[in-house]
Amino acid sequence: MGDYSKDEIKRIEEKWHTEWQKRNVYRVTEDPSKPKYYVLDMFPYPSGAGLHVGHPLGYIASDIVARFKRLKGFNVLHPMGFDAFGLPAEQYAIEHGVHPAKSTQDNIKNYKNQLGKIGFCYDWSREVQTCDPSYYRWTQWIFLQIFDSWYNRKNKKAEKISSLTWIFENEGNAEHPFPNTKYKLNNGEVTFTLHDWKAFNQKQRQEILMQYRLAYLANTDVNWCEALGTVLANDEVINGVSYRGGFPVVKKQMRQWSLRITEYAERLLDGLDKVDFSDSMKEIQRNWIGKSVGALIDFRLTPNPSPGERGTAVRGRETADKKYWKYLKEFSRDNRKNQTEEECILWEELRNSKLGYKIRRQHAIDAYIADFVCLDKRVVIEVDGEYHKDNKEFDDARTVVLNAEDFQVIRFTNEEVKSNLKSVLSQIKIALDKSPSIKESNPLSTGEVRGEAKITVFTTRPDTIFGVDFMVVAPEHEIVKAITTNDKKEEVEQYLKYVESRSEIDRMAEVKKITGCFTGAYAINPFNNRKIEVWISEYVLAGYGTGAIMAVPCGDERDFKFAKHFNIPITNIIGKYFDGKEANPTKEAILENSDFLNGMVMHKAIDVVISKLEEKEIGKRQVNYKMRDAGWSRQRYWGEPFPVVYRDDMPYPINDNELPLKLPDTDNFKSPGTGEGPLANLKDWINFSENAKRDSNTMPTHAGAAWYFLRYMDPHNTKEFANRKALDYWNQVDVYIGGSEHAVAHLLYSRLWVKILHDLGYLSFDEPFKKLINQGMITGSSRFVYRIRETNKFVSFGLIDNYDTDSLHVNVNIVNDLELDTEAFKKWKPDFANAEFILEDGKYICGSANEKISKSKYNVVNPDDIIDKYGADTLRMYEMFLGPLEQSKPWSMSGIDGVYKFLRRFWNLFHDNLGNWNVSEAEPTKEELKALHKVIKKVEYDVDHYSFNTSVSEFMICANELSSVKCNKRAILEPLTIVLASYAPHITEELWEKLGHRDSILNARYPEFKEEYLKENDFEYPISINGKVRAKMNFALDMPVSDMEKIVMASESVQKWTEGKAPKKVIIVPGRIVNIVL
RNA sequence: GCCAAAGUGGCGGAACUGGUAGACGCGCACGACUCAAAAUCGUGUAUCCUCGGAUGUGCGGGUUCGAUUCCCGCCUUUGGUACCA
């Protein structure tokens, strides 16, 4: 037996891989007698390229933690699996005709083989693959739980839809408004009563419930990528092009599944305070959620002079005479409550636009109340009961007034309604059909404001209300057409066309371009009644806030530039803080020109203004989030099918016993190009019965990844996604290691799913990951050769200035550091077989650069090659030795020899020069014990702090110290082997066995650290004079400070510097330093 | 632009709550072994210098007996984000 040689390493590693598997040493089960520890890696997407040296970095770190915790007596769950659905396999299928299921399985096999060689302690019996029907059965199940729940804002948690239907049946939706504030019922209302609810038909109810479901269908603006034939999530679009492939992306309206993650915005934000993520990771998530606190403020619009064909008192819904409104409101409400029988009958037929027109009842017009009115057609319908009969005069007067207001009045008797409802309805219908619609006749209005005569803005700076110089509305805002005056009509239309013509990419490319158009309308500042212009501009986004802003040029940069560009005068409310040259967004300035806010500091004025707004009922406090709901449909084949069927265009969940809804087999993965997913090609599958259809889309890869860490706890359960006992035992992931590229999507969706499952009572915890560590990215070190243009001659790097050359990536595996193996180069590609070289000093030196590791850059280093040469233990320790885990760093092979030498030196401690086993039973010395306990302490500290590189240093120091004293004592080497076991499992397991142990070192106990061995009696103090070290002196640690001072001051070396003078001050820190101040 | 993190020898990096800056490793130089090379082992290695010392942790200031560490201002790099009101 021998040396720690290449052959011996290979023998050891292969032996133990077989042995570990045979003995099932990594299998874990729930064991309530032991504390648990859950160490999780972000599971990989098994790509065809296999693992490169960058991948194992995080896995090695987590493996060390898992092994360490096990040695410390924890029951450790350390599983691995594969995120196996996804686009690359599908694209590969389209290009090469290999079914994704096949290529994915091949890749997984390769990954497992590669991972196996590194010696990870995964319990493979718990492996999950997201594309496995027995796994995605539960992904679909959870999706259905989410579909079947809504977010109750009152108690801030998800509840079953059944609790919502109960509420609707008993009280309507007044207490639980639609989450989407823009949503309106068919009749234009946003609330409905319990009676309304009872009157709705099945489809209407489903549509309303859809507005509340946490997984819902809606027509949404999606990022449509024509080239990929699919919809992309916001985080898959970078600068207007697709994350993969870089293809252009445009906005398109499609009926899509979404998750209502916005309801959880606040809890996702709050949860960040409870978890241990890095600051930057938390910050990225906070920015993504994008909470801002401010106010909604209503700005009334001025009544523009109308062309005069109608009276000014009557506009839009507010048709009542203001003088009488107070009383009319009461009447109208009473009347609604105490409807006559006939009115009820008629109302049932008119409501909800049943005749195709929106009808209101008991609506105040001028000083009267009409029974029914269609405002759009200006038709009033009156039903004369006893009450009216007695008041003929009154009714006549009313008709006169209404006619004057341009309303047509049609009357029916109670008798007619009761006995001949059909004829009544048809008369009404005819009257309505004949009358001109206000909307139709004025596609771009005459400037007269109909609908709500106000614009609501969202602002985070209500304190700047007196600095508002104009308003800007998003071009897509629905109010634009209604407010544009005749003389501006053309200009506005032109601008809208321009905006429409601009793609996302154009907009992003020219962010700083200032464009806009005045609508001709004016708004009134509710605080000082100032009349201000209303503009439209693309810098205001329809999708954020209310799609309208109040512009304060002295405080907002964009508003300032806009005002300058269009010559709008600027009001200064912050005095000297505003220089007229650029906006100042400060919150610290003292307000001026601001009426009751004068003299107040801006940030204090915010609340004052909001209180005033609420008091005057023209605004309120408002929180806004940037985050949008998560699009959950993908027009792809290789994903989870949605477990629903559509009947009458509404989705219904399939039964539990029909799960999993298996992905049907096909060889056609191309999108049909209709916006539907590839599954639409499978007609029999899609139209599975006469009036029932399936969804042609599949879920995004995020779905499978949003809960895989839960499945590991109970991976073979066929009854539940995981057993509650196992979920409670393993609980939260104690430490989660992975790349920071998943900061937004994966982590947010996982956190969301866990919160929903928690709310629904399936989980006891509501944050999945207690601690998150992001390993840095290992960048590749690329090598270049320089070909002289139009020749096959290559010139060495030092000489390229003399030639006209092109640089080409060269395979790093045929370059030794920087020197090219020219023979290997000639064999590398046929093109280079006849290559000639211009050398320097007889060598061909390559150029180099650090880049992302990628196949196309030929800088991929396969861990298998390193293991072949040095063994897995060296690879593991070297990757840790590269630097701090969280820092990204370039890959370089220089330095790996140092780690390899360490392991050999460690091996040699147990063997003599001839490679024979040579361990003594002698008592260790104080020095040897000290060396051992230093490393026991250090490794414990470092694993806790994820500082693995410094542990490797400490191992080296320890081995150096022990070698120099030729220590081969069991009392030192045995515990040291355990300490090293987490880092280098193979060599330690072998030595452990040679030390005479039959059980695996995995089941050993981490040696206990004893402070006494590190205790020193004395310390060599650095003696510094004015902060500079001038001498060193040895003192006992327990020597009194006063004695030390005397000796130091009397010493020759100090005398030389003090020249006999008394020092100003002498500072002595025991065990640290002596500093003399002259 | 905004937000976050980070800047230390030729290189990767170390330094606990302010206490000897450069641990450990690579590289390099010299030496041992060898006919020689490789491998291995040993010694040295921040910079400048008149060999006493001076300078030195991105730059400029500050607090302190003492600052890589704390504070202020700036520069650079990396990551995130972007007309978010």
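Note that the structure is a prediction, hence the values are computed from the model and not measured. So that the names make sense, note that chain A is the first sequence line, chain B the second, and so on, each numbered from 1.
Every residue two or more places apart in sequence or in another chain that forms a ring-ring contact (aromatic ring centres under 6.0 Å, His included) with A:Tyr983 is listed here: A:Phe955. A:Tyr1021 pairs by the ring-ring contact (aromatic ring centres under 6.0 Å, His included) definition with A:Phe1019, A:Phe1035, not counting sequence neighbours. Residues satisfying the side-chain contact (heavy atoms from CB on, under 4.5 Å) test with A:Tyr495, not counting sequence neighbours, are A:Pro475, A:Tyr498, A:Val499, A:Thr515, A:Cys517, A:Ile536, A:Ser537, A:Glu538. Remark: A:Phe948 engages no residue in a ring-ring contact (aromatic ring centres under 6.0 Å, His included) (not counting sequence neighbours). Residues passing the side-chain contact (heavy atoms from CB on, under 4.5 Å) test with A:Ala563 are A:Phe470, A:Pro553, A:Ile568, A:Ile570, sequence neighbours excluded. By the side-chain contact (heavy atoms from CB on, under 4.5 Å) test, A:Leu962 pairs with A:Leu909, A:Glu928, A:Ala931, A:Cys958, A:Cys967, A:Ile972, A:Leu973, A:Leu976, sequence neighbours left out. With sequence neighbours excluded, the residues satisfying side-chain contact (heavy atoms from CB on, under 4.5 Å) with A:Ile866 are A:Val53, A:Val861, A:Tyr870, A:Leu875, A:Trp891, A:Met893, A:Ile896.
A donor-acceptor contact closer than 3.5 angstrom links the side chains of A:Thr950 and A:Ser947. A donor-acceptor contact closer than 3.5 angstrom is absent between the side chains of A:Ser292 and A:Asn624. Of the N and O atoms on the side chains of A:Asp559 and A:Tyr539, at least one donor lies less than 3.5 Å from an acceptor on the other residue.
Listed pair A:Arg904 / B:U40 meets the phosphate criterion, a side-chain N or O lying under 4.0 Å from OP1 or OP2. Between A:Lys901 and the phosphate of B:C26, there is a side-chain N or O to OP1/OP2 separation shorter than 4.0 Å. The phosphate of B:G79 (OP1 or OP2) has no side-chain N or O of A:Asn774 nearer than 4.0 angstrom.
What separates CE of A:Met1049 from C1' of B:C65 is a distance of 14 Å, to the nearest Å. The NZ atom of A:Lys1064 sits 14 Å away from the C1' atom of B:U64 (whole-angstrom rounding). Rounded to whole Å, the distance from CD1 on A:Ile536 to P on B:A85 is 22 Å. One atom, CG of A:Leu748, and another, C1' of B:G80, lie 13 Å apart when rounded to the nearest Å. Taking atom CD of residue A:Gln285 and atom C1' of nucleotide B:U81, one finds them 14 Å apart after rounding to whole Å. Taking atom NZ of A:Lys626 as the reference point, atom C1' of B:C83 lies 11 Å away to the nearest angstrom.
Relative ring orientation between A:Phe562 and A:Trp535 is described as perpendicular, the plane-to-plane angle rising above 60° on a 0-90° scale split at 30° and 60°.
The separation of B:U78 from B:C28, taken at their C1' atoms, amounts to 30 Å, rounded to a whole angstrom. Distance check on atom C1': B:A46 versus B:G22 gives 7 Å, rounded to whole Å. Annotation: B:A5 and B:G9 have their C1' atoms spaced 24 Å apart (nearest Å).
Contact check for A:Phe299 versus A:Met550: side-chain heavy atoms found under the 4.5 Å cut-off.
In this structure, A:Asn624 reaches neither bases nor backbone, as no heavy-atom distance under 4.0 Å exists between it and the strands shown.
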With 3.5 Å as the limit, what N/O pairs link the protein to nucleotides 49-54 of chain B?
residue: B:A54; atom: OP2; partner: A:Arg1030; partner atom: NH1; Å: 3.2

Do any N or O atoms of the protein come closer than 3.5 Å to N or O atoms of nucleotides 69-76 of chain B, and which pairs are they?
none

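In the set B:C65, B:A85, B:A23, the nucleotide with an atom closest to the side chain of A:Ile957 is B:A23.
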(request) Going 5' to 3' through nucleotides 4-21 of chain B, assign each nucleotide B (protein heavy atom under 4.0 Å from a base atom), S (under 4.0 Å only from sugar-phosphate atoms) or - (no protein heavy atom that close). (result) S-------BSS-BB-BB-
Kindly list each side-chain donor-acceptor pair under 3.5 angstrom involving residues 771-778 of chain A, sequence neighbours excluded, with atom names and distances?
residue: A:Lys771; atom: NZ; partner: A:Asp276; partner atom: OD2; Å: 2.9
residue: A:Asn774; atom: ND2; partner: A:Gly738; partner atom: O; Å: 3.3
residue: A:Gln775; atom: OE1; partner: A:Gly738; partner atom: N; Å: 3.4
residue: A:Gln775; atom: OE1; partner: A:Gly739; partner atom: N; Å: 3.3

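In RNA chain B, runs of at least 3 consecutive Watson-Crick or G-U pairs, each pair with both distances below 3.5 Å, span B:1-7 with B:75-81, B:10-12 with B:24-26, B:27-32 with B:40-45, B:46-48 with B:53-55, B:58-62 with B:70-74.
In this structure a side-chain-to-backbone donor-acceptor pair under 3.5 Å is missing from A:Arg876 to A:Ala61.
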